[in-house]
Amino acid sequence: MTKTYLIGTGYLSSNIAKQIKNSNSYGIPLISAAKGDIRKIIKNNYNGYIFNKRMPQIFSHYINKTIKNYKYLSKNSINHARKFNINKS
């Protein structure tokens with residue numbers, strides 16, 4: 001089963017940031033619109049995907065791309081999460 005964390009907000013509160021970092025530590029790739037500070041957590045094409053246009057077709061494209069590249073993104077998510085202390089925002 002493929003698991004992906006979809007970020008539906010442009011506001012990156014400390015609670016959301018902790019959830020995102022925690023998901024990454026379990027190898028769950030991230031998909032988000034390019035809003036706020038999300039680029040601090042998601043490295044595009046490495047541990048997830050960041051897209052600029054909020055259109056269903058674009059969102060669908062990145063979900064399919066995540067499924068196709070899941071093993072690569074999952075491994076990188078774990079490696080990227082090691083850089084963060086989950087207890088910090």
Side-chain angles (χ1 to χ4, degrees):
M1 178 166 61
T2 303
K3 296 179 182 178
T4 303
Y5 193 98
L6 306 173
I7 302 163
T9 180
Y11 176 68
L12 197 57
S13 72
S14 62
N15 287 336
I16 293 171
K18 286 178 186 178
Q19 291 173 8
I20 294 167
K21 292 172 190 177
N22 193 34
S23 295
N24 242 193
S25 71
Y26 285 100
I28 299 174
L30 308 164
I31 300 174
S32 176
K35 297 287 263 176
D37 292 335
I38 200 65
R39 292 182 191 276
K40 292 180 180 180
I41 298 173
I42 301 175
K43 290 178 68 178
N44 198 31
N45 295 309
Y46 180 76
N47 67 324
Y49 298 108
I50 299 172
F51 56 94
N52 293 316
K53 295 183 180 180
R54 288 186 161 197
M55 296 171 46
Q57 301 87 348
I58 300 292
F59 197 58
S60 174
H61 166 76
Y62 283 107
I63 291 172
N64 289 326
K65 196 171 178 180
T66 300
I67 292 167
K68 184 184 281 186
N69 299 309
Y70 187 78
K71 287 183 182 180
Y72 170 79
L73 294 169
S74 181
K75 178 187 73 146
N76 292 339
S77 293
I78 293 168
N79 291 334
H80 189 64
R82 289 181 180 149
K83 297 177 184 180
F84 294 101
N85 177 347
I86 292 173
N87 296 321
K88 293 183 179 180
S89 54

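Here the structure is a predicted model, which is why all the values come from computation and not from measurement. By convention here, the first residue in the shown sequence is residue 1.
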To the nearest 0.5 Å, tell me how far [X] [atom1] sits from [Y] [atom2].
{"X": "I41", "Y": "S77", "atom1": "CD1", "atom2": "OG", "result": "12.0 Å"}
{"X": "Y62", "Y": "N45", "atom1": "OH", "atom2": "CG", "result": "7.0 Å"}
{"X": "N24", "Y": "L30", "atom1": "CG", "atom2": "CG", "result": "4.5 Å"}
{"X": "I28", "Y": "N22", "atom1": "CD1", "atom2": "CG", "result": "8.0 Å"}
{"X": "S25", "Y": "I20", "atom1": "OG", "atom2": "CD1", "result": "12.5 Å"}
{"X": "T66", "Y": "H61", "atom1": "OG1", "atom2": "NE2", "result": "9.0 Å"}

Could you tell me which residues satisfy side-chain contact (heavy atoms from CB on, under 4.5 Å) with [X], sequence neighbours excluded, listed by chain and number?
{"X": "I78", "value": "R82"}
{"X": "N69", "value": "Y49, K65, L73"}
{"X": "K43", "value": "Y46, N47, H80, K83"}

Looking at every non-hydrogen atom in both residues, tell me the closest pair between [X] and [Y] and how far apart they are.
{"X": "K21", "Y": "A81", "result": "O-CB, 4.1 Å"}
{"X": "I38", "Y": "S32", "result": "CG1-OG, 3.6 Å"}
{"X": "Y70", "Y": "G27", "result": "OH-O, 3.7 Å"}

Open item on the list: With a 3.5 Å distance limit and no angle check, can you tell me whether N44 reaches the backbone of I50 through a side-chain donor-acceptor pair?
Closed with: yes
Open item on the list: Quick one: does any side-chain atom of S60 pair with a main-chain N or O of Q57 as donor and acceptor, under 3.5 Å?
Closed with: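 Looks like no, no N/O pair under 3.5 Å.
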